[in-house]
There are 2 protein chains.
Amino acid sequence: MTNVKREATVDMVQPRSIPMRDIDHKHIRTLPLFADIASTRFDELVAGAFLQRFPARMELIREGDLPDFLHIVVDGAVELFGTLEDSETALAILKPSATFVLAAVIRDEVYLTSARTLQATRILMIPAAAVRDVFIKDAAFARATVSELAHRYRDLVRDIKGNKLRTGIERLANYLLRLQEERGAKGQFELPIEKRTLASYLGMAPENLSRALVQLGEHGVEVKASKITIIDKARLRRFARPQPLIDAPDA
Amino acid sequence: MTNVKREATVDMVQPRSIPMRDIDHKHIRTLPLFADIASTRFDELVAGAFLQRFPARMELIREGDLPDFLHIVVDGAVELFGTLEDSETALAILKPSATFVLAAVIRDEVYLTSARTLQATRILMIPAAAVRDVFIKDAAFARATVSELAHRYRDLVRDIKGNKLRTGIERLANYLLRLQEERGAKGQFELPIEKRTLASYLGMAPENLSRALVQLGEHGVEVKASKITIIDKARLRRFARPQPLIDAPDA
DNA sequence: CTAACCGATTGACAAACGTCAAGCGCGAAG
DNA sequence: CTTCGCGCTTGACGTTTGTCAATCGGTTAG
């Protein structure tokens with residue numbers, strides 16, 4: 001559970017910032033959160049937004065701060081994590097085009113999680129005040145926000161169930177099965193994140209993740225560095241016993 | 001983490017059901033979720049709703065089912081719990097006037113948790129279809145739903161942080177501190193739920209909750225059955241090290 | 001009043017998990 | 001090519017936690 005906090009700041013690098021009005025926002029427009037919003041409202045959001053590029057391992061937000069921006073991962077990857085004294089734990093790994101800190105922005109209360117980039121990442125940042133403003137005025141946006149929050153809420157419920165009802169190695173086994181599905185059910189794939197981050201997300205020490213990966217050799221998995229091969233999927237499923245209400249994502 | 005599932009059905013008892021139009025709904029009307037809704041819309045919700053009385057330990061909903069009703073605890077107490085094979089774990093203890101399964105109702109997807117009463121309890125049940133219908137038509141209700149979901153989402157984030165970053169006894173110590181605040185900072189109070197349920201909520205075996213309560217004797221707590229006395233709050237706080245971003249509820 | 005029941009408690013033991021320390025291996029910098 | 005750094009791995013050990021079994025104690029039914 002406890003992972004020593006590691007350095008995350010890159011002081012030398014000045015992230016490049018590009019106003020959103022100058023960039024292509026067709027893709028953003030099609031996200032579920034914005035798809036049904038009125039054009040004039042969307043323009044309000046765009047007006048103050050900008051796209052920013054960050055290097056790897058850069059802290060984006062810190063828990064306890066008040067939200068300034070709604071964040072959207074355009075490319076790269078972001079880790080949400082919580083801290084307690086010198087320990088931390090990953091709560092989510094976000095890929096394009098996930099939004100984050102929506103709940104804090106809407107309620108205008110402090111962040112409960114910190115966030116850092118896991119690799120070079122571009123983030124679209126929309127001023128929190130604009131989001132709240134459009135949220136009040138545009139019913140379609142309010143409804144989309146509900147859908148997004150409900151989705152995220154359900155993801156967390158599944159996470160809690162998995163964490164409280166399974167052992168570490170079971171969580172790992174099911175994670176690999178889910179990852180394999182995401183990658184088109186191929187027998188071989190790469191872990192998308194560093195193992196220490198995965199360990200933190202799965203709620204285990206990095207040392208135990210190593211040992212668990214070795215143990216899964218007995219259950220149809222072969223590991224070479226970050227390359228995973230599922231030799232015998234039926235066998236792995238027998239061990240992992242995946243359950244739709246924990247492992248299957250919402251539609 | 002693993003608690004054996006126990007019997008929950010009371011087949012003999014037929015819950016009494018009272019149409020909501022016949023009852024006093026002033027109190028419901030003032031809940032944040034309904035406060036700003038248009039009167040005609042509120043009447044739509046009321047039309048199909050009814051108040052139902054359940055005995056203790058009765059299963060109200062089962063994970064995997066599709067939602068028929070939005071539930072509101074009018075009095076009594078309800079446990080939300082998740083299951084995996086023969087184990088279960090409590091995700092939340094709900095008191096008046098909490099709503100539950102809102103996310104499932106809005107998304108019209110299966111429940112991820114089951115629910116049972118912990119004592120004799122009255123539940124207001126609003127048909128899911130009516131909720132979704134009003135949600136589409138009434139912007140104020142949509143906004144209130146966002147606020148409610150965001151609130152619940154943040155509660156879950158705090159829970160996950162506590163679960164992953166603290167040991168069982170630390171979670172217990174902080175739970176007692178929070179409970180004491182709720183009860184007006186009195187030195188003595190009763191546990192509001194059975195210890196086995198508390199153990200499940202705190203993610204520990206009942207046996208370990210017993211032992212943890214004994215251990216807290218060294219840290220300013222005295223326990224006699226379900227009566228808790230905090231003899232030395234400063235001492236308990238030193239041990240528990242509560243943290244606002246985990247233990248303080250949203251406004 | 002007595003017996004049966006059930007949640008809580010206690011003890012003994014085993015499994016899961018974290019911590020510490022040492023060493024490995026691969027990629028980057030010189 | 002060599003060295004260095006860092007994430008990963010491995011082993012040893014201790015703590016936390018779960019499990020099994022027996023017992024306690026308060027409540028309830030007869």
Side-chain angles (χ1 to χ4, degrees), chain A residues 1-8 10 55-57 79 84-90 118-119 162-173 190-217 221-228 239, chain B residues 1-8 10 56-57 79 84-90 118-119 162-173 190-217 222-228 239:
Chain A
M1 297 315 174
T2 52
N3 317 52
V4 175
K5 188 182 293 184
R6 57 255 192 200
E7 289 303 306
V10 181
R57 303 233 133 243
E79 173 192 8
L84 178 64
E85 285 142 35
D86 288 337
S87 296
E88 63 171 66
T89 187
L118 292 176
Q119 48 191 259
N163 273 311
K164 289 178 81 176
L165 292 168
R166 293 212 261 237
T167 64
I169 188 167
E170 289 172 335
R171 290 194 293 276
L172 171 62
E190 295 261 331
L191 292 178
I193 52 177
E194 286 186 0
K195 285 182 181 173
R196 59 176 180 178
T197 307
L198 176 58
S200 175
Y201 173 65
L202 293 176
M204 57 206 297
E207 293 94 327
N208 284 333
L209 174 59
S210 269
R211 286 185 264 258
L213 283 168
V214 172
Q215 280 189 264
L216 287 186
V221 179
E222 203 176 79
V223 182
K224 186 167 284 188
S226 70
K227 182 168 296 173
I228 308 291
F239 174 78
Chain B
M1 296 316 173
T2 53
N3 317 52
V4 175
K5 188 183 291 184
R6 56 255 192 200
E7 289 304 305
V10 181
R57 302 230 133 245
E79 173 192 8
L84 178 63
E85 284 141 37
D86 288 337
S87 296
E88 63 172 65
T89 187
L118 293 177
Q119 48 192 258
N163 273 309
K164 290 179 78 175
L165 292 168
R166 293 211 261 236
T167 64
I169 188 167
E170 287 171 336
R171 290 194 293 277
L172 172 62
E190 295 262 332
L191 292 178
I193 52 177
E194 286 186 1
K195 285 181 182 172
R196 59 177 178 177
T197 307
L198 176 58
S200 175
Y201 173 64
L202 293 176
M204 57 207 298
E207 294 94 326
N208 285 332
L209 174 59
S210 269
R211 288 184 262 258
L213 283 169
V214 172
Q215 280 189 263
L216 286 186
E222 202 176 79
V223 182
K224 184 168 285 190
S226 70
K227 183 169 295 172
I228 307 291
F239 174 77

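Per chain, numbering begins at 1; letters A, B, ... match sequence-line order.
- With distances taken from any side-chain atom of A:T167 to the nucleotides C:dA16, C:dC20, C:dT9, the minimum falls on C:dA16.
- Counting only heavy atoms from C-beta on, A:E194 has its side chain closest to D:dG7 among C:dT19, D:dG7, C:dT10.
- Side-chain to base pairing of B:R211 with D:dT19: one donor and one acceptor N or O lie within less than 3.5 Å of each other.
- Look at CG on B:L213: it is 16 Å from C1' on D:dT17, rounded to the nearest Å.
- When rounded to the nearest whole Å, the span between CZ of A:R196 and P of C:dT19 equals 16 Å.
- In this structure, B:L165 atom CG and C:dC17 atom C1' are separated by 15 Å, rounded to whole Å.
- Rounding to whole angstrom units, CG of residue B:L191 and C1' of C:dT9 are separated by 15 Å.
- Listed nucleotides C:dT19, D:dA21, D:dT9 differ in distance to B:E207; the shortest reach to its side chain belongs to D:dA21.
- As a whole-Å value, the separation of B:M204 CE from D:dT17 C1' is 9 Å.
- Note: CD (A:Q119) to P (D:dG7) measures 15 Å, nearest angstrom.
- Side-chain contact between A:N163 and B:N163: absent, with no pair of heavy atoms (C-beta onward) separated by less than 4.5 Å.
- Checked against C:dA8, D:dT17, D:dT10, the side chain of B:N208 finds its nearest nucleotide in D:dT17.
- If you check C:dG18, D:dC8, D:dG18 against the side chain of A:A205, the one that comes closest is C:dG18.
- Side chains of A:L84 and B:E170 form no contact here, defined as non-hydrogen atoms less than 4.5 Å apart.
- In this entry the distance linking CD of A:E170 with P of D:dT17 reads 18 Å, nearest Å.
- For the pair A:L172 and A:Q215, the minimum side-chain heavy-atom distance is 4.5 Å or more.
- Between B:R166 and B:R171, the closest heavy-atom pair is O-NH1, 2.7 Å.
- If you measure from atom CD1 of A:I169 to atom P of C:dG18, you get 13 Å, rounded to the nearest angstrom.
- Each of A:G168 and B:L209 has a nearest nucleotide on DNA chain C; the 5'-most of these lies closest to B:L209.
- Between B:E79 and B:E88 there is a side-chain heavy-atom pair separated by less than 4.5 Å.
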